[in-house]
Q: 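Below is a structure I'd like to ask you about.
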There are 2 protein chains.
Amino acid sequence: MKAVVCHETKLEVADVPDPVPGPGQVLLEVVRGGICGSDLHARRHADQLADLAAAIGYPDVMRPDEQVVMGHEFSGRVLEYGPGTRQAWATGTPVVSLPMIRMGEKVQMTGLSAKAPGAYAERVLVQESLTMDVPNGLPPETAALTEPMAVAWHAVRRSGVRKKETAVVIGCGPIGLAVILMLKARGVKKVVASDFSPGRRALAARCGADVVVDPAVEGPWTGFEESSYITDANELFDLALDTMGKLRRVPKLPWWQVLRAAEAAGATPHGPVVFECVGVPGIIDQIINESPLASRVVVVGVCMEQDSFQPAMAINKEVDLRFVFAYQPHEFRETLHLIADGKVDPTPLITGTVGLDGVATAFDVLGDPEKHAKILIDPVSDVTTL
Amino acid sequence: MKAVVCHETKLEVADVPDPVPGPGQVLLEVVRGGICGSDLHARRHADQLADLAAAIGYPDVMRPDEQVVMGHEFSGRVLEYGPGTRQAWATGTPVVSLPMIRMGEKVQMTGLSAKAPGAYAERVLVQESLTMDVPNGLPPETAALTEPMAVAWHAVRRSGVRKKETAVVIGCGPIGLAVILMLKARGVKKVVASDFSPGRRALAARCGADVVVDPAVEGPWTGFEESSYITDANELFDLALDTMGKLRRVPKLPWWQVLRAAEAAGATPHGPVVFECVGVPGIIDQIINESPLASRVVVVGVCMEQDSFQPAMAINKEVDLRFVFAYQPHEFRETLHLIADGKVDPTPLITGTVGLDGVATAFDVLGDPEKHAKILIDPVSDVTTL
């Protein structure tokens with residue numbers, strides 16, 4: 001079959017052996033693949049990713065000298081079952097799958113390892129137990145966005161954000177935009193988005209951001225002075241005195257109920273929920289320094305370099321840093337249903353489609369944030385829409 | 001009155017003006033003061049602390065060239081009321097207070113600002129609304145530990161630790177020990193403590209740590225291999241496949257209930273709750289690198305220097321970093337009651353008592369972790385027990 005092979009940073013269409021489904025596996029016809037930011041990173045800096053994964057016990061992430069078919073976001077159709085499968089779906093059934101597959105003893109990351117070729121190809125192998133049929137006639141283009149949307153859904157869930165809280169999304173690349181979509185799907189009332197690129201700011205607005213700012217002009221914290229967020233120590237001290245005043249007015253409460261009563265009355269400060277979707281050195285330090293007190297910062301952007309910050313400032317401001325990675329399988333499944341049921345519409349993310357021949361070009365144009373967010377691959381098409 | 005004055009890093013007993021209670025204030029006779037690690041830091045590096053506080057809008061932390069009476073941990077007796085006070089307690093009533101006081105327009109930090117002299121003195125001013133009477137005849141030595149114990153109680157509460165989780169306390173100085181005490185008071189079944197000092201390890205055991213390790217010999221993570229914690233990627237992948245297997249066995253559940261069911265069945269990995277109580281550069285990076293996946297790290301130790309870490313590793317392992325500072329006023333009050341009701345006994349922390357004349361010596365001996373944790377000050381005594 002035809003596939004895009006990455007080798008020593010080059011991306012070329014080649015004929016590769018037809019994949020054969022092993023035990024528990026299903027062979028899919030790829031209908032749409034998606035190009036992820038981590039693919040762009042893996043192409044140029046595979047060793048960095050591989051070393052990091054090896055440090056936590058997964059030694060099989062692609063290396064530059066290997067021949068790798070990337071692609072871990074995709075939708076497809078059932079083509080052929082391997083031995084020992086349940087075979088619940090008829091041939092041709094539209095499905096999506098988590099990009100993980102058992103190859104012998106070990107589970108491999110599909111599209112990020114030479115041992116598990118991905119979806120930049122006409123066909124791809126998936127694990128039957130990680131595969132699910134696409135409900136409600138959802139178009140394959142939209143279904144192919146399940147994976148990146150699941151990343152965003154996981155980040156939003158792990159943030160614990162509530163509807164009345166303000167969410168701030170720093171960086172409106174594909175994942176930042178997906179986070180905005182999921183925040184609005186969850187009913188968060190006020191979502192502030194920030195990006196240097198006018199094109200991405202326009203997309204952020206299309207994805208539902210309530211306030212969109214250009215950080216070259218103003219920070220995303222503008223307007224927070226009038227909010228209930230605490231931005232300096234004096235307000236914090238005043239809150240403490242006020243809290244104790246409130247406690248005195250309820251002397252009939254037994255002491256072990258006072259704490260809950262005080263918190264219910266708003267005695268504990270809490271800041272906005274911030275989603276860091278940039279992933280460059282210095283951005284975490286900047287957020288710690290500039291955000292209101294008691295902000296919860298969800299770090300979604302992947303900064304591969306060593307980074308620096310001042311712990312004492314994070315302590316003074318009682319910052320939470322919650323680092324997030326991928327999603328749980330049940331979150332992936334929930335994401336598919338949220339999309340298929342119309343709770344969230346991820347189609348604004350799609351800014352282009354290419355055939356296999358156009359993948360190298362797509363990688364190049366994705367370097368420019370102005371025009372593109374998510375580019376899909378249609379393996380049997382030779383039409384490029386960029 | 002007599003007080004210990006800090007000036008250009010020197011600590012000397014001096015005669016200072018008698019404090020006079022202003023509006024809303026109460027004058028206390030100091031019965032016991034406590035020496036805090038941040039006092040040691042403020043003596044030598046006041047500018048560092050002051051710059052940090054100024055950055056969040058509090059410009060009045062002590063500077064080296066000011067004459068400052070430190071001491072923000074204390075218990076005392078009511079001596080005299082200022083104007084506009086409720087005067088609910090008779091003269092001589094034993095009380096404790098949060099170390100914050102309104103001086104004119106602004107609230108000041110008692111014992112850390114030249115504008116609000118602290119308890120290294122015969123008498124100290126407090127805010128009546130932040131003061132509470134000591135219940136149950138609690139001895140003044142124990143009541144004086146309310147403040148540091150409140151710091152630990154806040155850290156434990158903010159960690160969200162549950163009884164069945166394992167807690168790991170890195171560093172067994174006074175705050176690490178207080179955290180151990182509060183973890184056991186909360187009913188946490190397994191508390192692992194780690195410190196290079198044999199003296200502190202012995203204190204950790206006295207405070208109730210279930211496992212005490214010497215990090216020069218073994219890490220606090222030893223034995224975690226056999227636990228339910230996930231330490232490498234393969235286990236994580238296996239969990240994902242297992243989760244999806246479980247999801248398939250409950251096909252009758254509507255999809256929007258699947259997520260909760262999966263989480264209830266243990267599909268989301270979670271690591272131990274780690275309390276970082278050291279506060280030196282590199283320790284956060286080390287914890288991120290060595291701890292099991294999905295650890296919640298509560299950062300209590302104050303590292304004043306710029307620090308570095310690898311965000312991508314924190315992401316890969318889905319680490320939470322929760323930075324904590326001080327306590328809420330209602331947590332301070334709850335701490336007093338937890339101690340007075342015998343739910344927690346902080347007296348193992350007390351390793352010495354000095355008079356005002358002995359404070360400079362106490363600062364020196366606190367530099368050696370082997371012997372001392374908390375040294376109290378009895379302002380009217382000239383006996384030193386070190």
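These numbers come from the heavy atoms of this one structure, side chains and all, not from hydrogens, waters or symmetry mates. In what follows, chains are A, B, ... by sequence order, proteins preceding strands, each numbered from 1.
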Q: Suppose a student defines contact as a heavy atom less than 4.5 Å from any heavy atom of chain B. Which residues in residues 296-305 of chain A would they list?
A: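 Contacts with chain B: V299(A), V300(A), G301(A), V302(A), C303(A), M304(A), E305(A).
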Q: Report, in residue-number order, which members of residues 279-290 of chain A are under 4.5 Å from chain B by heavy-atom distance.
A: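 The list, in residue order, reads I284(A), D285(A).
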Q: Is a side-chain donor-acceptor pair under 3.5 Å present for Q328(B) with T268(A)?
A: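 On atom types as modelled, these side chains do not qualify, holding no pair under 3.5 Å.
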Q: Restricting to salt bridge (Lys or Arg N to Asp or Glu O under 4.0 Å), what partner residues turn up for D133(B), sequence neighbours left out?
A: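 Checked D133(B) against salt bridge (Lys or Arg N to Asp or Glu O under 4.0 Å); zero matches.
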Q: So which heavy atom on F325(A) is nearest to which on N316(B), and how close?
A: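 Of all heavy-atom pairs spanning F325(A) and N316(B), the closest is CE1-OD1, 3.7 Å.
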Q: For E128(B), is it the side chain, the backbone, both or neither that has a heavy atom under 4.5 Å from a heavy atom of chain A?
A: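 Backbone only.
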Q: Specify which of V107(B), L98(B), D232(B) makes the most heavy-atom pairs with chain A at under 4.5 Å.
A: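 Heavy-atom pair counts peak at V107(B).
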Q: On a heavy-atom basis, which atom in L130(B) and which in A240(A) lie closest, and how many Å separate them?
A: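 Heavy-atom minimum between the residues: CD2-O, 4.1 Å.
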Q: Name the option with the most non-hydrogen atom pairs under 4.5 Å to chain A; the candidates are Q310(B), H330(B), E318(B).
A: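 Result: the option with the highest number of such pairs is E318(B).
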Q: Which of the residues A55(B), S129(B), G57(B) is involved in the greatest number of heavy-atom pairs with chain A at under 4.5 angstrom?
A: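 Looking at each of A55(B), S129(B), G57(B) in turn, S129(B) comes out on top.
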Q: Count the heavy-atom pairs under 4.5 Å between each of I56(A), N234(A), L49(A) and chain B, then report the option with the highest count.
A: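 So the answer, after comparing I56(A), N234(A), L49(A), is I56(A).
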Q: Hey, could you give me the CD1/CZ distance between I315(B) and R322(A), rounded to the nearest 0.5 Å?
A: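 Taking CD1 in I315(B) and CZ in R322(A), the distance rounds to 15.0 Å.
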Q: Using heavy-atom distances under 4.5 Å, tell me whether T243(B) contacts chain A through its side chain, its backbone, both, or neither.
A: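 When you check distances to chain A, only side chain atoms of T243(B) fall under 4.5 Å.
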Q: Considering only heavy atoms, which portion of M313(B) lies under 4.5 Å from any heavy atom of chain A: side chain, backbone, both, or neither?
A: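 Backbone plus side chain of M313(B), per the 4.5 Å heavy-atom cut-off to chain A.
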Q: Given the options R158(A), Q48(A), M100(A), which has more heavy-atom pairs under 4.5 Å with chain B than any of the others?
A: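 Among R158(A), Q48(A), M100(A), the one with the most close pairs to chain B is R158(A).
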Q: Taking only residues two or more places apart in sequence, or in another chain, which ones meet K106(B) in a side-chain hydrogen bond (donor to acceptor under 3.5 Å, both in side chains)?
A: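 Listed in chain order: nothing, the list is empty.
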Q: Rounded at 0.5 Å granularity, tell me how far CZ in R102(B) sits from CZ in F237(A).
A: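 Separation between the atoms: 11.0 Å.
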Q: What distance separates F323(A) CZ from D320(B) CG, expressed to the nearest 0.5 Å?
A: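 Rounded to the nearest 0.5 Å, the CZ-CG separation comes out at 9.0 Å.
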Q: Report the option among L239(A), L236(A), D307(A) that has the most heavy-atom pairs separated by less than 4.5 Å from atoms of chain B.
A: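 Among L239(A), L236(A), D307(A), the one with the most close pairs to chain B is D307(A).
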